[in-house]
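Remember, it's a predicted structure, so these values are computed and weren't measured experimentally.
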Amino acid sequence: MTVSAWAPLRRSAFRALWLAQFASNIGTWAQTVGAQWLMGDLGGSSLQVALVQTATTLPVFLLVVPSGALGDILDRRHVLISGQALMLAGAAGLMLLAGTDRATPTSLLGLLALMAVGQALSMPSFQAIQPELVSREEIPQAALLNGVNMNVGRAIGPALGGLLIALAGSEATFAFNTVSFLGVLIVLARWKRPSDHRPLGTEHIATAVRTGARYVGSSPLFRRVLVRLLLFIVFGSGLWALLPAIARGPLGLDASGYGVLLGSVGVGAIGGAFVVPKLLQRMSKNRLVLFATWFYAAATSVAVLTSSFVLVIVAMLLTGACWIATLSTFNATAQVLLPSWTRARALAYYQLILMGGQALGAVVWGALADAYDLRVAMIAPAVAMALGVLLATKWLPLLDRPLDVSPATYWDAPPELDDTDAGPVLVTVEWPVARENEAEFIAAMQRVGRARRRTGATMWGLFRDAERPETFLETFTVATWQEHLRQHLERGTVVDQKNQEAARALAKDDPHVRHLVFAGPAKP
């Protein structure tokens, strides 16, 4: 049965947060126009205008990974409230500086960076709570609706921002954004989120960060999404960084005209939201991303190849539809691959690529525009993007079938140990395997090994006994006994369980497990 694109809005918690976020997105995009236009009024060059985007993305790039770990080990609602409060403070600071004519390029970039710190705190947790608000079947629709939310804000916010600048100056956009954060804070304060189930207590932040990195490193399907996102975002970010310069330069537009251009992108995204679910019923994710990327590259090139305002608006409509089609597909694919215990910290790497790619692209394409011209800075990445997605579709295809990453306890309970900080822990598993099953068993164990590493193993290996060729010895190490307990009690998934069952089915008998704790010097 096909799930309606609007089904998640029937759920009250998702709907309330979606509406509050909608108001906040309008404020954010109104402020984007105000900040970029203010930088131009302050005499900023094309590179300085592009650095507005860097200031809003680079702090996220630097802080999103530890923020994701916080989202997994603390109450995600509290993390979100803290992040939203920081963004409110930054917007209020911009309002005061601009309103008193004390704004400088440095202070503008600094307060935008402060807001980006709040965004870094919020983004992984916001993504991670989506499966708490909707059913698993509705996750793709929730990702699409969140993209619609952002892009409807992109449609309304810039036009509103241009109007506010014309009526009351850039400070009016900052004032509106300050007020817009209050709605999100009220919804989060009233949300009755169930307590997290952590039978072993809260992880240390450093351990959580390392565990998240290990999970991403041992999850090839998730890493594939990250690589695909990187290829798209670095080359596709030039439009957002340089559109103000295109509006002021070749098109000769004022602030309201620039707002219309950004609004056209948002309108295109709204249209894309209606089309994407229907397209996914007729084609794979890979084909959808391929075509969307090609059309996006063509449309962004049109923006600098014509001086016709009407043609550029049409191109912006197309970029909006293609942008949401591509990013919502990547986002939904990432979310359904991740179990709850590591969702925020793994999605932090998604946000790391998303924001870091935009920050990098803004600097590179802004510098290229200063060194050559806007046409080179837009067409060169468009060509690279079109070629890159063709290769990625063949070598890094997205997974179309869902994986069951719901929790599952499938190991026998380990022995009791009083010192949970003891370690490292060496676990050995002796597998008796018939000769005719060896090749299939080794292949199955590679999947088991990735599961061990994803859930906490620092090293893993599979060895054949030289004296007993039908005996295989699996070994893996875990940093502490506490981490090994988390493997047993908190981190297993149904798909991991099925992989281990497949390996057991190829063994002649049940495997023999031993746990060994490092025998270091005695504690004083």
Residue pair T211 / T342, side-chain heavy-atom distance below 4.5 Å: no
Aromatic centroids of F472 and F441 separated by under 6.0 Å: yes
Salt bridge or not for E474 and R452, using N-O below 4.0 Å? yes
How many angstroms lie between CD in Q358 and CD1 in I233, if you round to the nearest 0.5 Å? 4.5 Å
Could you check T458 against T477 for side-chain hydrogen bond (donor to acceptor under 3.5 Å, both in side chains), going step by step and ending with a plain yes or no? CA-CA 6 Å; T458 56; T477 57; 2.8 Å; yes
Any side-chain donor paired with an acceptor under 3.5 Å for Q482 and D421? no
So, taking the atom named NE2 in H488 and the one named OG1 in T455, what distance separates them when rounded to the nearest 0.5 Å? 9.0 Å
Hey, is E203 close enough to R491 for a salt bridge, meaning N to O under 4.0 Å? yes
Give me the one residue out of F222, W341, Y349 that meets ring-ring contact (aromatic ring centres under 6.0 Å, His included) with Y215. W341
Between Q335 and Q127, do the side chains contain an N or O donor and an N or O acceptor separated by less than 3.5 Å? yes
Going through the distances and angles, do R450 and S219 end up as a side chain to side chain contact (heavy atoms under 4.5 Å, CB included)? CA-CA 7 Å; R450 285 194 291 269; S219 180; over 6 Å; no
Give a yes or no on whether the ring-centroid distance for W481 and H515 is below 6.0 angstrom. yes
Let me see the working for L288 and L280 under side chain to side chain contact (heavy atoms under 4.5 Å, CB included), right down to the final yes or no. CA-CA 7 Å; L288 174 64; L280 285 174; 3.4 Å; yes
Smallest separation among heavy atoms of L327 and L229, with atom names: CD2-CD1, 3.6 Å
Electrostatic pair D75:R193 at N-O distance under 4.0 angstrom: yes
Between L347 and Q351, is there a side-chain heavy-atom distance shorter than 4.5 Å? no
Would you call D496 and R454 a salt bridge, taking side-chain N to carboxylate O under 4.0 Å as the test? yes
Do any pairs count as a salt bridge (charged side-chain N to carboxylate O under 4.0 Å, His left out) and have a residue in residues 16-31, sequence neighbours left out, and if so which ones? none
Given side chains that start at C-beta, do those of R343 and P131 come closer than 4.5 Å, heavy atoms only? yes
Could you walk me through whether Q130 and N146 pass side chain to side chain contact (heavy atoms under 4.5 Å, CB included), step by step? CA-CA 10 Å; Q130 298 308 304; N146 286 327; 3.1 Å; yes
Look at the side chain of N499 and the backbone N and O of V448, then say whether any donor-acceptor pair between them is shorter than 3.5 Å. no
Look up atom CD in E132 and atom CZ in R11, then write down how far apart they are to the nearest 0.5 Å. 13.0 Å
Does G71 offer a backbone N or O that forms a donor-acceptor pair with the side chain of R76 under 3.5 Å? yes
Polar side-chain atom of D465 near backbone of T471 as donor-acceptor pair, under 3.5 Å: no
Could you walk me through whether W365 and L242 pass the side chain to side chain contact (heavy atoms under 4.5 Å, CB included) check? CA-CA 8 Å; W365 311 128; L242 296 173; 4.1 Å; yes
Nearest heavy-atom pair of K285 and L398: which atoms, and what distance? CB-CD1, 4.2 Å
Test item: L114 and L111 side chains (from C-beta on) under 4.5 Å apart, heavy atoms: yes
Within a strict 4.5 Å, meaning less than it, do heavy atoms of the W431 and R504 side chains meet? yes
Rounded distance (nearest 0.5 Å) linking atom CG of L112 with atom CE of M87: 12.5 Å
If you round to the nearest 0.5 Å, how far is CZ of R223 from CD1 of I353? 12.0 Å
Yes or no on salt bridge (Lys or Arg N to Asp or Glu O under 4.0 Å) for R464 and E438, after CA distance, side-chain angles and deciding distance? CA-CA 10 Å; R464 186 199 300 273; E438 283 182 5; 3.0 Å; yes
Could you go through T28 and N25, starting from their C-alpha distance and side-chain angles, then the distance that decides it, and tell me whether this counts as side-chain hydrogen bond (donor to acceptor under 3.5 Å, both in side chains)? CA-CA 5 Å; T28 297; N25 282 332; 4.9 Å; no
d(Q497 CD, S406 OG) to nearest 0.5 Å is 9.0 Å
Report yes or no: does W18 contribute a side-chain atom to a donor-acceptor pair with the main-chain N or O of L145 at less than 3.5 Å? yes
Do L94 and Q31 come close enough that some side-chain heavy atom pair is under 4.5 Å? yes
If we ignore hydrogens and angles and just use 3.5 Å, is the side chain of R514 paired with the main-chain N or O of V429 as donor and acceptor? no
Using side-chain heavy atoms (C-beta onward) and a distance below 4.5 Å, is V427 in contact with T475? no
Compare all side-chain heavy atoms of R228 with those of V389 and state whether any distance is below 4.5 angstrom. yes
When the aromatic ring centroids of W323 and F232 are compared, is their separation below 6.0 Å? yes
Heavy-atom pair with the smallest gap, counting every atom of F174 and T178: O-OG1, 2.8 Å
Contact summary for L185 and A85, nearest pair of heavy atoms: CD2-N, 4.1 Å
When you measure from the side chain of S24 to the backbone of Q21, do you find a donor-acceptor pair of N or O atoms at a distance under 3.5 Å? no
Work out which heavy atom in A120 is nearest to a heavy atom in L63; give both atom names and the distance. CB-CB, 3.9 Å
Between L337 and V405, what is the shortest heavy-atom contact and its length? O-CG1, 3.6 Å
So with a 6.0 Å cut-off around CD of Q446, is the heavy-atom count from everything else above 12? yes
